[in-house]
Amino acid sequence: MAQFMDVHHNMKGITADKLREAHNADLAIEQDERVHFERAWADPESGVVYCLSEAPSAEAVQRIHERAGHKADEIHPVPLSV
């Protein structure tokens, strides 16, 4: 499966609890699209949140995020990593 990094904007002031809540909402339904959300990072000051996942497609990632209530603003494939 491919890896994807998605970006959410406009989440200024997000707390650790809210980030965990959003991540857990994704985890609760990720199997429906054969997605696995590996990790999430946030910058409360800028309001930017990043999520790393493995999925069959960017569209599958977006469908899970939409259903969980936080549509991604950008989704980027990650074809290489070290």
Side-chain angles (χ1 to χ4, degrees):
M1 272 212 253
Q3 280 193 313
F4 296 91
M5 180 68 71
D6 62 73
V7 184
H8 305 260
H9 298 284
N10 302 316
M11 298 185 89
K12 196 168 188 160
I14 190 167
T15 64
D17 287 340
K18 290 292 184 184
L19 180 63
R20 188 174 302 106
E21 182 181 305
H23 184 65
N24 286 340
D26 290 327
L27 295 178
I29 59 173
E30 68 181 10
Q31 286 300 103
D32 293 352
E33 295 280 349
R34 298 181 348 189
V35 173
H36 176 60
F37 289 94
E38 297 178 13
R39 193 167 177 98
W41 300 265
D43 177 3
E45 190 171 313
S46 69
V48 177
V49 173
Y50 303 92
C51 302
L52 180 66
S53 62
E54 284 190 355
S57 67
E59 293 80 15
V61 172
Q62 188 68 284
R63 284 191 294 269
I64 293 298
H65 276 324
E66 286 177 352
R67 287 179 50 205
H70 43 264
K71 182 179 177 181
D73 296 302
E74 304 169 34
I75 302 177
H76 305 275
V78 183
L80 296 174
S81 63
V82 292

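For this chain, numbers begin at 1 and follow the sequence in order.
Counted within 6.0 Å of CD on E45, heavy atoms from surrounding residues, nucleotides or ligands total 12 or fewer; the atom is thus considered open.
In terms of heavy-atom proximity, R63 sits nearest to S57 at NH2-OG, 4.5 Å. Residues A72 and Q62 approach most closely at N-OE1, 2.8 Å, considering heavy atoms.
Taking hydrophobic clusters as Ile, Leu, Val, Met, Phe, Trp and Tyr residues chained together by side-chain heavy-atom distances below 4.5 Å, V78 shares a cluster with V7. Taken together through direct or relayed side-chain contacts under 4.5 Å among Ile, Leu, Val, Met, Phe, Trp and Tyr, M5 and V49 form parts of separate hydrophobic clusters.
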When the side chains of residues 8-16 are checked against the rest of the protein, which donor-acceptor pairs come out under 3.5 Å, sequence neighbours left out?
{"residue": "H8", "atom": "ND1", "partner": "H70", "partner atom": "O", "Å": "3.4"}
{"residue": "H8", "atom": "ND1", "partner": "K71", "partner atom": "O", "Å": "3.3"}
{"residue": "H8", "atom": "NE2", "partner": "D6", "partner atom": "OD1", "Å": "2.9"}
{"residue": "H9", "atom": "NE2", "partner": "E74", "partner atom": "OE2", "Å": "2.8"}
{"residue": "T15", "atom": "OG1", "partner": "K18", "partner atom": "N", "Å": "3.1"}

Start with the C-alpha distance between R20 and H23, add both sets of side-chain angles, then the distance that settles side chain to side chain contact (heavy atoms under 4.5 Å, CB included), and finish with yes or no.
CA-CA 5 Å; R20 188 174 302 106; H23 184 65; 5.6 Å; no

- Query: Going through the checks in order, is the side chain to side chain contact (heavy atoms under 4.5 Å, CB included) test met by Y50 and D43?
  - Reply: CA-CA 9 Å; Y50 303 92; D43 177 3; 5.9 Å; no

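Apart from V35 itself, the hydrophobic cluster it occupies contains F4, L27, I29, F37, V61, I64, I75, where clustering links Ile, Leu, Val, Met, Phe, Trp and Tyr at side-chain heavy-atom distances under 4.5 Å.
Residues E30 and H36 bring a donor and an acceptor atom of their side chains to less than 3.5 Å of each other.
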